[in-house]
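Just so we're clear, the structure is a prediction, and the values are computed from it rather than from any experiment.
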Amino acid sequence: MQSEDLIHRLADDLRPVRPARPPGAATALWLGLATAVIIGAVLFWGLRHDLAERLASGFEAPQLVTALATGVLAAFAAFQLALPDRSRLWALLPLPAALGWLATMGWGCLQDFVKIGPEALHIGISLPCFSFILGLGLPLTIVMLWLSRHGAWFSPGPVAALGGLSAAALASIGLSLIHHLDAALMVLIWHGLSVLVVTAIAAKLGPRVMRLGRSGG
């Protein structure tokens, strides 16, 4: 076969490649979808009865702000790592916000202990809390993985883990708006456990989901 004929045959099978969205645009799109889902959940279940009081006292606001920062930064880092020329150091972007989120919940434990005593350390079972974050976090993670499927061959594990962290952090905000837990220690344990589970599932199964999404277009 002549070289020219080979080139023409290869060119005939070429398909246009859709460029990946810029990380900022992809993050904004995903955050819009996540916000719509969380608003829908809040409208369905209704706001918790003491939310205004807790926000006015300054008790809930730091946790909500740091959770939001974790969700936004983790999403942006995930979309950065989905591109082949980006440094792995982007994975560290949400770390300060995540540590701040953990610190605010820990500070809440201390405030509760000072306010109500040993009852603040009571640990109960809160399956609704766990199931809410999983129920919202996992579908939102799948959406994130589909949007970042072009990175399936570059950094699938870190992208999936960051996507799970982002989705779980935002889902925890929705939970804080509708569900009341008796003590900050319960918030720390059940929110933290739920976030860890979603992140771990995403890290484990995410690369496979991304490759399926890439093969499907």
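The heavy-atom pair separating Leu136 from Ala41 by the smallest distance is CD2-CB, 4.2 Å. Residues Ala67 and Ile173 share a closest heavy-atom pair of CB-CG1, 3.7 Å. Across every non-hydrogen atom of Ser172 and Trp101, the tightest pair is OG-CZ2, 3.1 Å. Nearest approach of Ala203 to Ala161, heavy atoms of both residues: CB-CB, 3.9 Å. Thr141 and Gly164 make their closest contact through OG1-CA, 3.5 Å (heavy atoms, listed as atom of the first residue, atom of the second, distance). For the pair Pro62 and Thr104, the tightest heavy-atom approach, listed with the atom from each and the gap, is CB-CG2, 3.8 Å.
Atom OG1 of Thr35 is separated from atom CG of Leu140 by 9.5 Å, given to the nearest 0.5 angstrom. Interatomic distance, Ser176 OG to Leu47 CG, rounded to the nearest 0.5 Å: 12.0 Å. Of the inter-residue distances, the one linking Phe76 atom CZ with Leu162 atom CG reads 12.5 Å to the nearest 0.5 angstrom. To the nearest 0.5 Å, atoms CG (Leu165) and OG1 (Thr199) are separated by 4.5 Å. With rounding to the nearest 0.5 angstrom, the CG atom of Leu102 is 9.5 Å from the OG1 atom of Thr66. From Leu89, atom CG reaches atom CD of Gln80 across 12.0 Å, with rounding to the nearest 0.5 Å.
By the 4.5 Å heavy-atom criterion applied to side chains, Trp45 and Leu177 are not counted as neighbours. Using a 4.5 Å heavy-atom cutoff, the side chains of Ile178 and Arg48 are not in contact.
Both Val143 and Val72 belong to a common hydrophobic cluster when Ile, Leu, Val, Met, Phe, Trp and Tyr are linked at side-chain heavy-atom distances under 4.5 angstrom. Taken together through direct or relayed side-chain contacts under 4.5 Å among Ile, Leu, Val, Met, Phe, Trp and Tyr, Val198 and Leu31 form part of one hydrophobic cluster. One hydrophobic cluster, built from ILVMFWY side chains closer than 4.5 Å, cannot hold both Leu68 and Leu99; they sit in different ones.
Without hydrogens or angle criteria, Thr70 side chain to Ala97 main chain gives a donor-acceptor distance under 3.5 Å. A donor-acceptor pair under 3.5 Å is absent between the side-chain atoms of Ser166 and the main chain of Gly163, judged by distance alone.
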